A.B. asks: 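What follows is a structure written as structure tokens; I'll ask about it next.
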Amino acid sequence: MTTPFIDLKTQYIENKSSIDAAIQKVLTHGQYIMGPEIEELEAKLAAYVGVSHALTCSSGTDALVLPMMTKGLTRSDAIFTTPFTFFASAEAITLAGGTPVFVDIDPDTYNIDPKSLAEKIEKISNEGILTPRGILAVDLFGITANYDEIQKIANTYNLFVIEDSAQSFGANYRGKKACSFGDVGTTSFYPAKPLGCYGDGGAIFTNDSSMHQEMISLRVHGQAHSGNKYDNTRVGLNARMDTIQAAVLLEKIKFYESELQARNAIADLYSARLQEYVKTPIVPNEQTSVWAQYSIQVPDRKKVCNTLQENNIPFAIFYPTPIHLSTAYAELKYKPNDFPVSESVAGKILSLPMHPYLKEEQIETVCDTIINCLAN
Ligand SMILES: *Cc1c(COP(=O)(O)O)cnc(C)c1O
């Protein structure tokens, strides 16, 4: 096999002159921290998503921590989230002072199941140990969660909503863009995400001006808005995005839409070949995917993985361990079978090579290998 799992090198080579020039410009003007590219990128991102404010930051993880820091959480505050996600979704809740409370996922979208969410909020309210405060919904693999239902539940119980769209920047849900849902949406520009920079980076999106102002301060050690650098009004972070990363993103966002088209064409080819053999991804009506991952479910995953490996086809497993069973959260005392859907999917999920530079014959090879393996 000749394709990497994600091909960042080809993308760079194809766009080398414009990306090199953008980086060179930063090196020459010298404003390596909070240079003009930061504000330019924030304006572009806000317009793209269709919200009033975009704030760049150091990573997708800090993009989750910063808005939750404005909520003054304590360990008795429950933030509801999914266990079938990257560790950072739950970790950010803990870092911001709250307690993650897990809710099982929908078996088709792999995103938080609204019905289980409402039931869990009821249960936690009735127990009276933790106080429901917020919902951190994750937009997994390229599609958003079900925000119409999630927002209804949030309104009923008076909870804030954070949209972790680290994997779904650019996706559509019922006529609106990912990162525009809830009180605040976040994303990551980690290189392997659909829109990545050349290091760590993230962004936060909101229509809430006072929260935006507070996060501007928290991003730089809780600095005062008076402009006095040494009057710190709250304890914050050092969570700025580097100017060079903003310059890279300003170039890469120019061809992002055409890359999304290529990703969708590739996903269609995969699904057309594979859907009668394995459970292929489902994109609900009135939604589009940015295909952060193309993930299938196979019952005998070990056998398929061995065959892929023998044929030099790269693959990945996102995620083998649901977070409620991770060592770090042992103290929360979850047990196997607490979230049967998440646990079942974790045992069968398999992500195939996905990037805009995949060729049709490479996709054919991946599909043939899987189909042959399943037939034996
Ligand atoms: C990647 C990711 C994050 C964290 O982003 P970083 O930029 O790596 O800190 C958070 N949530 C999800 C769902 C992710 O996939």
Side-chain angles (χ1 to χ4, degrees), residues 5-6 8 41 45 54-69 79-96 98 100 102-103 105-106 109-112 134-145 147 150 161-171 173 178-179 181-182 184-205 215 219 237-242 245-246 248-249 252 281 289-295 316-324 326 328-329 342 345-346 349 351 354:
F5 187 70
I6 291 174
L8 296 169
L41 177 65
L45 291 172
L55 191 74
T56 55
C57 64
S58 42
S59 69
T61 306
D62 286 340
L64 291 167
V65 173
L66 284 165
M68 281 192 283
M69 283 176 83
I79 313 297
F80 299 86
T81 193
T82 152
F84 191 65
T85 175
F86 182 57
F87 188 70
S89 309
E91 181 185 43
I93 295 169
T94 307
L95 285 172
F102 297 108
V103 173
I105 54 169
D106 177 279
T109 64
Y110 310 134
N111 287 326
I112 198 164
I135 300 164
L136 191 157
V138 179
D139 302 342
L140 206 72
F141 294 161
I143 59 170
T144 75
Y147 288 104
I150 290 167
V161 175
I162 297 187
E163 178 193 5
D164 177 355
S165 207
Q167 300 186 12
S168 299
F169 182 79
Y173 172 88
C179 296
F181 299 98
V184 57
T186 70
T187 199
S188 164
F189 301 118
Y190 178 79
K193 306 290 185 185
L195 179 61
C197 53
Y198 292 159
D200 281 306
I204 307 164
F205 301 83
M215 292 189 296
R219 180 173 64 173
L237 300 172
N238 173 3
R240 293 164 297 217
M241 174 185 278
D242 292 342
Q245 301 305 341
V248 169
L249 286 165
K252 287 185 61 170
S289 178
V290 297
W291 303 105
Q293 303 298 338
Y294 184 91
S295 305
I317 295 173
F318 302 118
Y319 295 89
T321 307
I323 300 176
H324 67 287
S326 67
Y329 283 120
S342 298
V345 173
I349 202 85
S351 300
M354 172 50 84

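Any value given below was found using the heavy atoms of this structure, including those in side chains, with hydrogens, waters and symmetry copies removed. Whatever order the structure lists them in is the order used to number ligands and atoms, beginning at 1. The model shown is predicted, which means the values in this text are computed figures rather than measured ones.
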A.B. asks: Quick one: sort the Y173 and F181 rings into parallel, tilted or perpendicular, breaks at 30° and 60°.
C.D. replies: perpendicular
A.B. asks: In terms of side-chain heavy atoms, does T187 have a donor or acceptor partner in S165 at a distance below 3.5 Å?
C.D. replies: no
A.B. asks: Sequence neighbours left out, what passes ring-ring contact (aromatic ring centres under 6.0 Å, His included) with Y198? Give chain and number order.
C.D. replies: none
A.B. asks: Is there a side-chain contact (heavy atoms from CB on, under 4.5 Å) between I112 and V138? Walk through the geometry before answering.
C.D. replies: CA-CA 7 Å; I112 198 164; V138 179; over 6 Å; no
A.B. asks: Just jot down the ring-ring contact (aromatic ring centres under 6.0 Å, His included) partners of Y110, sequence neighbours excluded, or say none.
C.D. replies: F141
A.B. asks: For ligand 1, list all ligand N or O to protein N or O distances below 3.5 Å, rounded to 0.1 Å.
C.D. replies:
{"from": "ligand 1", "atom 1": "5 (O)", "to": "S188", "atom 2": "OG", "distance (Å)": "3.4"}
{"from": "ligand 1", "atom 1": "7 (O)", "to": "G60", "atom 2": "N", "distance (Å)": "2.7"}
{"from": "ligand 1", "atom 1": "7 (O)", "to": "S188", "atom 2": "OG", "distance (Å)": "2.7"}
{"from": "ligand 1", "atom 1": "9 (O)", "to": "G60", "atom 2": "N", "distance (Å)": "3.3"}
{"from": "ligand 1", "atom 1": "9 (O)", "to": "T61", "atom 2": "N", "distance (Å)": "2.9"}
{"from": "ligand 1", "atom 1": "9 (O)", "to": "T61", "atom 2": "OG1", "distance (Å)": "2.5"}
{"from": "ligand 1", "atom 1": "11 (N)", "to": "D164", "atom 2": "OD1", "distance (Å)": "3.3"}
{"from": "ligand 1", "atom 1": "11 (N)", "to": "D164", "atom 2": "OD2", "distance (Å)": "2.7"}
{"from": "ligand 1", "atom 1": "15 (O)", "to": "Q167", "atom 2": "NE2", "distance (Å)": "2.9"}
{"from": "ligand 1", "atom 1": "15 (O)", "to": "K193", "atom 2": "NZ", "distance (Å)": "2.6"}

A.B. asks: List the residues meeting side-chain contact (heavy atoms from CB on, under 4.5 Å) with Y190, not counting sequence neighbours, and say none if there are none.
C.D. replies: S188, A192, K193, D200
